[in-house]
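Written below as structure tokens is the structure these notes are about.
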Amino acid sequence: MTTIYVPGDSGALALGAEAVSGAIGREAAARHLDVRVVRNGSRGAYWLEPLVEVEGPHGRLAYGPVGAADVPSLFDAGWLQGGAHRLALGAFESLPWFCGQQRLTFQRVGRTDPCSVTDYLANGGYAGLRRALSMDPAAIVEQVTRSGLRGRGGAAFPTGIKWKTVLGQPPGRKYVTCNADEGDSGTFSDRMLMEGDPLSLIEGMSIAGIAVGATQGYIYLRAEYPHAWRTLTRAIAAAYAAGYLGNDVLGSGRRFELEVRLGAGAYICGEETSMLESLEGRRGEVRVRPPLPAVKGLFGCPTVVNNVITLATVPLILQRGAEFYAGFGMGKSRGTLPLQLAGNIKRGGLIERAFGLTLRELLYDYGGGSASGRPIRAVQIGGPLGAYVPASQFDLPIDYEALAASGAMLGHGGIVAFDDTVDMARMARYAMHFCAVESCGKCTPCRIGSTRGVELLDHILAGRGGEHALGRLEELCELMLQGSLCGLGGMTPFPVQSALKHFREDFSAHAQH
Amino acid sequence: MQTSALDQEHDVRRILAQYKDRPGPLLEVLHAVQGAFGFIPPQAIGPIAEGLNLSRAEVHGVITFYHYFRSTPPGRHVLKLCRAESCQAMGADALAAHAEARLGVSFHESTPEGHFSLEPVYCLGLCACSPALLLDGEPHGRVTPQRLDALLEEAEAGAGGGR
């Protein structure tokens with residue numbers, strides 16, 4: 001029997017993978033061939049999706065991008081035996097785009113059957129949890145601290161320190177929550193991981209629970225990810241059935257229960273206290289800190305709140321040791337980051353590398369330049385609240401501190417490219433508009449400031465106002481930055497200010513009309 | 001999707017019975033109600049509030065806070081177009097203008113005969129396949145205006161399953 005991998009990742013589905021899978025099934029049946037189709041995650045090379053891999057006598061060979069109409073000719077060419085075809089790419093892991101990557105968190109994504117515990121175990125899964133179960137809770141936390149892992153959701157807070165705070169609270173009801181409300185535009189690594197290797201997230205949460213003494217976990221997933229919801233739900237059921245979740249995890253006598261809760265289309269629920277409000281069934285309005293969630297979080301109990309990528313990296317750290325993970329990266333940014341390259345780019349997708357590679361390497365070596373063939377003028381890093389970085393700064397290394405020093409932020413590692421047709425004054429307006437749509441309304445600088453920002457920018461875009469209006473816009477940005485309760489109002493100025501700083505000509509261009 | 005008031009009340013009570021003892025159940029109840037009816041009927045607010053020991057204002061407040069919950073029935077087909085930066089960099093604004101012109105409605109509206117609802121969405125996580133959309137929950141990437149026309153025609157003709 002031959003195994004054929006056709007991604008069930010929603011990015012691949014968006015490019016026709018479902019029809020390809022159907023065509024392979026029909027064609028194999030018509031030819032009386034014994035074929036097993038596995039719906040894997042995506043390798044992250046979206047310009048090659050749907051990317052189909054055939055596990056045959058010559059190893060695992062890739063073909064892509066495959067359309068349903070190509071399927072008969074692939075069988076004609078004898079692809080089950082490694083036959084030549086114009087879509088043949090050879091072994092995927094030998095492609096230059098892939099083999100220079102350092103896939104740690106994404107080690108299994110695109111390789112394995114996402115919900116198969118057997119496949120997971122055969123590829124290093126649950127070694128971290130087994131090790132954790134043999135350790136003292138403080139020693140688990142110590143490993144995570146020493147690995148240098150920082151929150152991958154954007155805030156980059158040291159994960160081990162957060163866990164230590166929760167562990168240090170008096171025994172009693174505690175929670176582990178996963179923030180899977182990946183609302184930052186231009187980011188999709190959480191989605192890919194949940195669709196491609198959900199068991200690593202489940203294992204990471206189980207380890208967190210055992211480390212801090214929590215018996216209940218929640219994954220707060222955004223409603224825009226229906227496919228991730230289906231995969232997670234299936235994977236959790238498989239983990240329960242195999243004894244990796246429940247009231248006696250692996251016969252250790254330790255209990256850890258896990259369920260997925262769906263968000264409902266509010267960007268602000270990616271902010272941790274707002275997420276907790278939402279999990280409790282209320283409006284996702286931000287809470288005032290302190291108290292920190294680690295002290296008083298979900299239902300008033302000490303709570304770990306971590307991002308998907310953070311938690312899914314924990315099993316590897318326990319399996320291979322803190323030093324192994326800390327051996328990657330630069331400065332205070334240890335380990336690897338799954339970067340997401342999108343927008344106007346020829347080869348968009350997921351690139352996992354140790355911290356320290358430059359934007360230029362990412363955009364040109366991996367991305368191949370713009371999709372339009374025009375010069376890349378700017379990139380936005382870190383989602384809708386991230387700064388715009390001009391081409392003159394493309395030699396900056398991807399590192400939390402280096403980007404922060406230049407006025408940008410790495411956030412969740414999403415990078416969106418724009419060519420030279422972009423109007424940065426319009427992008428600044430969009431940033432304010434987005435904040436106005438998504439503001440939770442609790443604090444005035446965010447709720448009113450963003451609406452005033454849209455009005456001011458409309459004024460500027462209509463050619464009225466001149467330097468005076470730009471001055472008012474700068475004042476407004478400063479006010480939002482200093483006066484907002486959370487990162488939404490407090491960071492919306494970043495894209496606006498960076499556009500003003502680096503692309504001021506786009507604002508004055510409108511004034512001249 | 002049209003059900004009688006009696007059926008509706010029965011369904012809401014069944015949903016409440018299923019979720020009311022879980023911690024923080026309101027969002028789960030609202031998801032289940034919208035899943036059953038396609039929207040949250042205003043007359044369901046009273047029974048939900050009563051069942052969960054909340055005020056009607058609290059339930060109303062939660063429904064209106066979240067973009068995903070709707071208080072009016074959707075069109076037969078729901079088109080959610082991504083308006084975020086990555087899709088903008090690949091022509092989403094032109095695609096949005098095309099969708100509005102083709103359907104003759106603005107965002108947040110449904111066509112008069114109720115065939116299509118047009119909704120904005122801020123990122124579907126399909127940024128490496130921009131511009132992207134969801135049509136009846138199914139993702140589509142690198143969508144051109146021509147491709148959008150074809151998708152809408154397929155949906156109208158009742159053809160399922162994408163390309």
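In what follows, chains are A, B, ... by sequence order, proteins preceding strands, each numbered from 1. Bear in mind that the values here come from a model prediction, so they are computed numbers and not experimental data.
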* Crowding at NE2, B:H115 (>12 non-hydrogen neighbours, <6.0 Å) -> yes

* **Residue selection (most heavy-atom pairs with chain B, distance under 4.5 Å) from A:G343, A:A264, A:G441, A:G265** => A:A264

* To do: Can you establish whether the number of heavy atoms outside B:H60 located under 6.0 Å from its atom NE2 is more than 12?
  => no

* Do the non-hydrogen side-chain atoms of B:C127 and A:R191 ever get within less than 4.5 Å of each other? -> no

* **A:M192, part contacting chain B, at a heavy-atom distance under 4.5 Å** => neither

* Asked: Considering residues, nucleotides and ligands other than A:W229, do more than 12 of their heavy atoms fall under 6.0 Å from its CH2?
  -> no

* Structure fact -> Here the pair of heavy atoms bringing A:S10 nearest to B:P139 is O-CG, 3.6 Å

* Compare every heavy atom of A:Y46 with every heavy atom of B:C129, then report the nearest pair and how far apart it is. => SG-CD2, 3.9 Å

* Structure fact -> Bottom line for A:Y267: the part with an atom under 4.5 Å from chain B's heavy atoms is neither

* Straight-line distance of B:D93 CG to A:Y430 OH, nearest 0.5 Å -> 9.5 Å

* Under 4.5 Å from a heavy atom of chain B, the part of A:A228 involved -> neither

* Under 4.5 Å from a heavy atom of chain B, the part of A:I268 involved -> side chain

* **Top of A:H227, A:E280, A:R261, A:R426 for chain B proximity - count of heavy-atom pairs under 4.5 angstrom** => A:R261

* Asked: With only heavy atoms counted, which part of B:V121 is less than 4.5 Å from chain A, the side chain, the backbone, both or neither?
  -> side chain

* Asked: Is A:E259 salt-bridged to B:R22, going by a charged N under 4.0 Å from an acidic O?
  -> yes

* After noting the C-alpha distance and the side-chain angles of B:H67 and A:E438, does the key distance pass the side-chain contact (heavy atoms from CB on, under 4.5 Å) rule? -> CA-CA 9 Å; B:H67 300 303; A:E438 297 295 344; 3.2 Å; yes

* To do: Report the distance from atom CD1 of A:I345 to atom OG of B:S130, rounding to the nearest 0.5 Å.
  => 11.5 Å

* Nearest heavy atoms of B:L27 and A:L262, plus distance in Å -> CD2-O, 3.9 Å

* Asked: What closest approach, in Å, do B:H31 and A:A223 show between heavy atoms, and which atom pair accounts for it?
  -> CE1-CB, 4.5 Å

* Asked: Which answer fits A:E285, side chain, backbone, both or neither, if we ask what part of it has an atom under 4.5 Å from a heavy atom of chain B?
  -> both

* To do: Show the numbers, then the answer: is there a side-chain contact (heavy atoms from CB on, under 4.5 Å) between A:R283 and B:T64?
  => CA-CA 9 Å; A:R283 293 162 65 89; B:T64 51; 4.1 Å; yes

* Top contributor to chain B interface from A:R282, A:E182, A:Q216 [non-hydrogen pairs under 4.5 Å] -> A:R282

* Between CG of A:N344 and CD of B:E85, what distance do you get to the nearest 0.5 Å? -> 14.0 Å

* Structure fact -> Counting heavy-atom pairs under 4.5 Å with chain B, the top scorer among A:P226, A:G414, A:S278, A:G44 is A:S278

* Is B:P23 close to A:Y175 at the side-chain level, that is, under 4.5 Å between some pair of heavy atoms? -> no

* Structure fact -> Heavy atoms of B:A89 and A:A417 approach each other most closely as CB-O, 3.5 Å

* Contact part of A:T187 toward chain B, heavy-atom cut-off under 4.5 Å: side chain, backbone, both or neither? -> backbone

* Does B:Y66 use its side chain to pair, donor to acceptor, with the backbone of A:G284 at less than 3.5 Å? -> yes

* **Proximity breakdown for B:E28 and chain A, heavy-atom pairs closer than 4.5 Å** => side chain

* Parallel, tilted or perpendicular, as decided by the 30° and 60° cut-offs, for the rings of B:Y122 and A:F434 -> perpendicular

* So do the side chains of B:Y68 and A:R222 get within less than 4.5 Å of each other, counting heavy atoms only? -> no

* Relative to chain B, which segment of A:C269 carries a heavy atom at a distance below 4.5 Å: side chain, backbone, both, or neither? -> side chain

* B:R142 side-chain N/O to A:L15 backbone N/O, donor-acceptor pair under 3.5 Å -> no

* 4.5 Å side-chain heavy-atom contact, B:K80 and A:E224 -> no

* Tell me, side chain or backbone of B:E58 under 4.5 Å from chain A's heavy atoms, or both, or neither? -> neither

* Structure fact -> Under 4.5 Å to a heavy atom of chain B? For A:D9 that would be neither

* To do: Quick one: pull up OG in A:S185 and CZ in B:R83 and give me the separation to the nearest 0.5 Å.
  => 13.0 Å

* **Heavy-atom pair with the smallest gap, counting every atom of B:G125 and A:F188** => O-CB, 3.2 Å

